[in-house]
Protein chains: 2
Amino acid sequence: MRADAQRNRDRIVEVARLVFREQGYDASLDLIAKQAGVGPGTLYRHFPTRDDLIDAVMQAWVDHVQETADKALAHEGAPRDLLLHWFEEYVRLISVHKGGPAKITGAMGDESSPIRSKCEVLQAASGRVLDELRAEGAVRDDVTPLQVARLVGGVATVADSSDLELATVRPMLEVIADGLLT
Amino acid sequence: MRADAQRNRDRIVEVARLVFREQGYDASLDLIAKQAGVGPGTLYRHFPTRDDLIDAVMQAWVDHVQETADKALAHEGAPRDLLLHWFEEYVRLISVHKGGPAKITGAMGDESSPIRSKCEVLQAASGRVLDELRAEGAVRDDVTPLQVARLVGGVATVADSSDLELATVRPMLEVIADGLLT
DNA sequence: TGCTAAACGGAGACAGTCTCCGTATTGTCG
DNA sequence: CGACAATACGGAGACTGTCTCCGTTTAGCA
């Protein structure tokens, strides 16, 4: 890629990150282009679809997911606590941007979504936690990690769109955790 | 209301029902107006917001909810079966239109949403089923009906946006049911 | 029949998406 | 260094959807 193209691409992603955080994932792309000091054409050439741009913005977020999963795994205590703790972190992780939960959970399992690659990291992290517990025989094994991700993602989606407090969300996560534990 | 106004209103609702079913709740309102043979102004006077129109469309749906809840309650069998059966019906009920689950679950508990009145019927129906089971001491009582509605609504939202089969959804509902049962 | 309040409808302002293509910049090769 | 592809830019503008304003029409009543 030509140097100027790279520069512009970086600037667009940087601006998009800020705008998305402020206005949610449905912010105007033309506005992002303008704020980045480029024409709409340039933005659309680099990122043909909105999802492509979101995908780029999420790159940084991926590292954060990895780290959080590591911490959750290091968490000492009863399986229920570990599970609940991870669920809470999971909800927090996918809720950093307004509309994030729906976006991410919807993309999960959708082969054609460019966001999916990012979801895989999340799913992998989730899988690690689940495997850990499964090895101890603490959770039922007739439910796939993907289904668990969707269950928790569903709660996060509702919480996001209804602006629910963590205190309201926790009992719902408890239900899922209890339903999962053997 | 003047007779011609009533006629137009009815026509708009009727057309909207068909269009929403086909294209989902984000179909073009101007198109609905055109199909109903009225100007956009007329549509927007009757229904200032999209939600107001959706609300009107849902009126018929409410009766259906009532009826389904009655049937579920008449369902003989173990509490787990009753619960699971109701959950499946619940998902089906709120999924009749594309985008319905997100719309309905998001409106739940939002005082200002015009759709909420319709959700109340759903919540009431859900409450009846839950109360029935609670009376038998079959389900935990530290979770509110609203939270249950959100849990199941979350699953439906994900299922809707990911086009999941009922077979994929059922295990997720089982998790919730098992987490709820004492 | 004539009047008035109510209702209509469509032109058009506005905002967002996305593309096309003339112009400008980059990097390479003689 | 200079010229020439190749690459990238950007913005005008087509298109779609939302929503409003206001001149025109109509229903219903006296």
Side-chain angles (χ1 to χ4, degrees), chain A residues 1-57 97-100 102-103 106-107 112-115 161, chain B residues 1-57 97-100 102-103 106-107 112-115 161:
Chain A
M1 180 168 348
R2 242 167 62 175
D4 57 340
Q6 184 68 57
R7 249 193 329 269
N8 276 325
R9 192 182 188 287
D10 291 349
R11 274 258 291 301
I12 291 170
V13 171
E14 195 175 334
V15 168
R17 173 149 41 226
L18 298 176
V19 174
F20 281 152
R21 193 182 300 269
E22 255 177 47
Q23 308 188 16
Y25 284 126
D26 52 356
S28 160
L29 298 187
D30 277 25
L31 179 121
I32 290 175
K34 185 178 291 185
Q35 293 221 1
V38 304
T42 301
L43 186 149
Y44 282 96
R45 196 166 348 89
H46 284 298
F47 309 101
T49 72
R50 178 180 294 271
D51 277 357
D52 289 318
L53 179 54
I54 294 175
D55 179 63
V57 166
H97 295 123
K98 185 88 185 155
K103 200 99 215 163
S112 66
S113 169
I115 296 178
S161 73
Chain B
M1 180 167 348
R2 239 167 64 175
D4 57 340
Q6 184 68 56
R7 249 194 328 270
N8 276 325
R9 193 181 187 286
D10 291 348
R11 274 258 289 301
I12 292 170
V13 172
E14 195 175 333
V15 168
R17 172 149 43 225
L18 298 176
V19 174
F20 282 152
R21 192 183 300 269
E22 255 176 48
Q23 309 188 15
Y25 284 125
D26 53 356
S28 159
L29 298 187
D30 276 26
L31 178 118
I32 290 175
K34 186 179 288 186
Q35 293 222 0
V38 302
T42 301
L43 187 150
Y44 282 96
R45 197 165 347 90
H46 284 299
F47 309 102
T49 74
R50 178 179 294 272
D51 277 357
D52 289 319
L53 179 55
I54 295 175
D55 179 62
V57 167
H97 295 123
K98 185 90 183 152
K103 201 99 215 164
S112 66
S113 169
I115 297 179
S161 73

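By convention in this document, chain letters (A, B, ...) are assigned in the order of the sequence lines, proteins followed by strands, and residues within each chain are numbered from 1. Since we're looking at a predicted model, the values are computed, not measured. These values consider heavy atoms only, across backbone and side chains, with no hydrogens, waters or symmetry-generated copies.
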Gap separating the [atom1] atom of [X] from the [atom2] atom of [Y], nearest 0.5 angstrom:
X: A:Gln6; Y: A:Arg2; atom1: CD; atom2: CZ; result: 12.5 Å
X: B:Asp55; Y: B:Ile115; atom1: CG; atom2: CD1; result: 7.0 Å
X: B:Leu53; Y: B:Phe47; atom1: CG; atom2: CZ; result: 5.5 Å
X: B:Arg9; Y: B:His46; atom1: CZ; atom2: NE2; result: 7.5 Å
X: A:Lys103; Y: B:Ser161; atom1: NZ; atom2: OG; result: 10.5 Å

Roughly, in whole Å, what's the span from [atom1] in [X] to [atom2] in [N]?
X: B:Arg9; N: C:dA6; atom1: CZ; atom2: P; value: 18 Å
X: A:Leu31; N: C:dC18; atom1: CG; atom2: P; value: 15 Å
X: A:Gln35; N: D:dG10; atom1: CD; atom2: P; value: 15 Å
X: B:Asp52; N: D:dC19; atom1: CG; atom2: C1'; value: 14 Å
X: B:Asp26; N: C:dG16; atom1: CG; atom2: C1'; value: 15 Å
X: B:Leu29; N: C:dG10; atom1: CG; atom2: P; value: 17 Å
X: A:Leu43; N: D:dA8; atom1: CG; atom2: P; value: 15 Å
X: A:Asp10; N: D:dC9; atom1: CG; atom2: P; value: 11 Å

Distance below 4.0 Å between [X] side-chain N/O and [N] OP1 or OP2:
X: A:Ser28; N: C:dT17; value: yes
X: A:Asn8; N: D:dA8; value: no
X: A:His46; N: D:dC9; value: yes

Base contacts versus sugar-phosphate-only contacts with protein, heavy atoms under 4.0 Å: please encode nucleotides 19-30 of chain C as B, S and - from 5' to 3'.
B-----BSS---
Any side-chain heavy-atom pair from A:Leu18 and A:Glu14 closer than 4.5 angstrom?
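The answer is no, as the side chains (C-beta and beyond) never meet within the 4.5 Å cut-off.
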Between the side-chain atoms of A:Asp30 and the base atoms of C:dC18, is any donor-acceptor pair under 3.5 Å?
yes
Just checking A:Ala36: base, sugar-phosphate only, or nothing, at a heavy-atom cut-off of under 4.0 Å?
nothing
Can you give the donor-acceptor pairs under 3.5 Å from side chains of residues 20-43 of chain B to other protein atoms, not counting sequence neighbours?
from    : atom 1 : to      : atom 2 : distance (Å)
B:Tyr25 : OH     : B:His97 : ND1    : 2.6
B:Ser28 : OG     : B:Asp30 : N      : 3.4
B:Ser28 : OG     : B:Leu31 : N      : 3.1

